[in-house]
Amino acid sequence: MKLNRKILRTMMDNKSRYLGSIILVIISCALYTAFNMTVPNLQTGLDEYIDESVLEDAYFITQEPIEDIESLEKEYDLILEERYSWDYEYSDGVTLRVLSDTEKLNRYSVIEGEALTEQRELVVDPHFANSHELDVGDKITLNGEDFTISGLVAMPDYIYPLKTEEDMASNSSSFGVAIISKDELQAMEKGYNYYSAKFNQDNSDLFKEQLSESNYVSQWISRSDNPRITFINGDINALSEIGEVVPIIILILTCMLIAAVLSRLLKGEYVQVGTLFGLGYKKQEIYRHYLMYPVFVSLVGSIIGTFVGQYLAKPLMMSFTFQYILPNLEVDSFDLKHVVISLLLPALLLVTVTFFVIRRALKLTPQELMRGKQVKTKISWIERRLHLNRFSFDTKFRIRDMLRSIPRSIMMILGITFASMLLLMGFTTKDSIDHFFNHSLKETFNYDYYYIYNDMQYGKLGQGEKLSISAFKSEQTNGDGSFELSIYGIQEDAKLISLTDKENNQLDKDQVIVTQSLSNNLDISVGDSIEVENQLNAKVLTLEIDAVADTYAGDYLFLPLDEFNQMNGYPEDSYTGVMSNKKVDVEQDNLLFSKTNDEVMAAFEEATKPVKYMVGGVSVVAFILGLIIIFMITSMMIEENKMNIALLKVLGYPKKKIFSLVLSSNSILVIIGFIIAVPLIILSVDIMFQSIAKDLKMTLPAHLNKINILIGFVIIYITYTLSNWLARKRIMNISMAEILKNRVE
């Protein structure tokens, strides 16, 4: 159709708007393809890895060794395997956990090098190796003997290599995991033994109950309670949610912008459209002509975006290996379902929106179109109510410009809000983690050294404070299944655990106290009763809540140590852990684990590094999106104000004055959009944290510092200022004579 020759010419005349729309579609499709290829492949690869390695359902420690493993396996239809663990001091402040090799459960996967085949060999996790500049073939001295690194491996029970289940972040500089043969580790007579179990049927509670009757179980950690295994699920869920929401929002904004561009294009061509009707063109031909614009934008953008997204999927998946230890997972090079959606969804949305825009215009008769009906600006009731004559000319001009194009103003606000939310998402995530660590963890736990024994202890301490901790579960979760929590037994005069109310008043430790996060998760408050089951011995306790501590340090319940022992049937004056501000002389073989405040700080700093990189990356994307959106809307505003700009030039207004009148009217819209974004992003991040709280085994309250709000606003305003600076050239290119000559009478 000859009419379509006009398409390329029109796009070149308005190339900034159409190019911006294409870039937005590219970004949307690239993100959609990358995220929706990464998440399924990552989840599938992870599930296959867990199945192939025969990951444990739980691990536990008993007071006495289990002698009849085979009979227990037959009786309870489970796989049971004994394993040895030794925390070797690799260097000052650095621990290398040496585990014995396994035959039935938790089989490691070789990433580089070879599996264990000979004596005096060991395999190491790659994060520890990289942090300490170790490679395949290097030697590590254990117990006075040299062991050669035969390979770097991924271990299914240490996907996220935490030293303890209570740690919030891993730190490969201070902790790593290695595996040697069972005979060699057993011969060293170091560390302690524990047991891994995998149940072929759901009888873990029955097994625990029977086991605790004949042998004291000092620790029981189910797979669902083990953050070394579950933390990655939280990240995968968060990635999935971002991949579902962000691309669609960008695409919706693109639809709105395209609709606005074509609406203004049609209004400017009413006379031409009317003439085409007069020349015999049918409505279907007019529809096809104007629908070519969104078809071109969507196809070019979606093809390029889908192609880019295919290549982004692999780096996105590999980014997980920086935090988690995973085998070499593969990304399918071609996923037909997501490719089809990525290619067709933009066209479907853009063409649908554009169709209704064109339909509205083509409801007019050829005579009305040729007379330019509805091109004239309407004065809204808001403008009439404001009585603008009392204001100066500059103020009246700016207010009228906003009120006479409400859809454009709404798009500007929405665009700024989305770009600001994207920018502030990184800041909010970082600030939430910082606030959680500094306000909850550091203020609640004041010890410098923390020791947990591998069996029960008795008697008085030379220094420090006693404590006991056990894993419990509660069914008070509104039908969503059981909820895991930890109960601390602490001394009534404990100084190293600080519990305060919302007014920052210290709470007496001779009562039952729950953290705010546990109170929220179980919907309990002061005076309520909670029924919990000890996961070590299946004993059921009923506790009445006396106070709620203003901390999100974890899903914890605190009560006096004597009461803890009495309710659980443990010996009087017994304990399983020690807190201290000075190093305690404890035999390493008697310890399940130990940690220091410095290790916690170092792990936190290591864990926040990816978040800091994310803040930078998201800021760049937000800047680009904001610049495109603002520039496109500013271009539309200039197009609408061509007549006014020409008249201002004729009247002799200086350049700076014209720039100020035309471009600065959007400043208030930028401020409104940013103000809306602040509570929205806090709410959005809070919802995201709640959705992944179960996998992370913690509750993170969303928090955004005032300084970062200010930084975010400065970045957005700089984006707006840069867009205005780029738009000045368009204003200067407007010809006074041409515009006035083409004026529609």
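Note that the numbering runs from 1 along the sequence shown for the chain. The figures here come from the full heavy-atom set of this structure, side chains too, leaving out hydrogens, waters and symmetry mates.
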Using atom types as modelled and distance alone, determine if a side-chain donor or acceptor of [X] lies under 3.5 Å from a backbone N or O of [Y].
{"X": "T515", "Y": "G554", "result": "yes"}
{"X": "N705", "Y": "I707", "result": "no"}
{"X": "S723", "Y": "T719", "result": "no"}
{"X": "S519", "Y": "V548", "result": "no"}
{"X": "Y287", "Y": "F355", "result": "no"}
{"X": "N36", "Y": "Y32", "result": "yes"}
{"X": "T721", "Y": "Y717", "result": "yes"}
{"X": "Y324", "Y": "F231", "result": "yes"}

Heavy-atom check, side chain of [X] versus side chain of [Y], under 4.5 Å:
{"X": "Y293", "Y": "Y18", "result": "yes"}
{"X": "Y552", "Y": "N520", "result": "yes"}
{"X": "K314", "Y": "M37", "result": "no"}
{"X": "K706", "Y": "L710", "result": "no"}
{"X": "K430", "Y": "N708", "result": "no"}
{"X": "V678", "Y": "I709", "result": "yes"}

Once rounded to the nearest 0.5 Å, what's the spacing between atom [atom1] of [X] and atom [atom2] of [Y]?
{"X": "I303", "Y": "I22", "atom1": "CD1", "atom2": "CD1", "answer": "11.0 Å"}
{"X": "C29", "Y": "I26", "atom1": "SG", "atom2": "CD1", "answer": "8.5 Å"}
{"X": "L680", "Y": "F418", "atom1": "CG", "atom2": "CZ", "answer": "12.5 Å"}
{"X": "L669", "Y": "I410", "atom1": "CG", "atom2": "CD1", "answer": "10.0 Å"}
{"X": "I27", "Y": "I624", "atom1": "CD1", "atom2": "CD1", "answer": "6.5 Å"}
{"X": "D431", "Y": "L704", "atom1": "CG", "atom2": "CG", "answer": "5.5 Å"}

Do you know the tightest heavy-atom contact between [X] and [Y]?
{"X": "T38", "Y": "A313", "value": "OG1-O, 3.3 Å"}
{"X": "L423", "Y": "F427", "value": "O-CD1, 3.5 Å"}
{"X": "V25", "Y": "S298", "value": "CG1-O, 4.1 Å"}
{"X": "L31", "Y": "P247", "value": "CB-CG, 3.9 Å"}
{"X": "D550", "Y": "Q516", "value": "CA-CB, 4.5 Å"}
{"X": "I681", "Y": "M421", "value": "CD1-O, 3.3 Å"}

Side-chain donor-acceptor pairs of residues 341-353 under 3.5 Å, sequence neighbours excluded:
from	atom 1	to	atom 2	distance (Å)
S342	OG	T33	OG1	3.2
S342	OG	T306	OG1	2.6
T352	OG1	L348	O	2.5

Identify, with sequence neighbours excluded, every residue that meets ring pair (Phe, Tyr, Trp, His ring centres under 6.0 Å) alongside H703. H435
By ring pair (Phe, Tyr, Trp, His ring centres under 6.0 Å) - contacts of F35 (at least two apart):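 Ring pair (Phe, Tyr, Trp, His ring centres under 6.0 Å) list for F35, sorted by chain: empty.
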Trace of the side chain to side chain contact (heavy atoms under 4.5 Å, CB included) decision for T230 with Y160: CA-CA 8 Å; T230 61; Y160 191 48; over 6 Å; no
Return yes if a side-chain donor-acceptor contact under 3.5 Å exists between T551 and T444, otherwise no.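 Result is yes, a qualifying pair exists.
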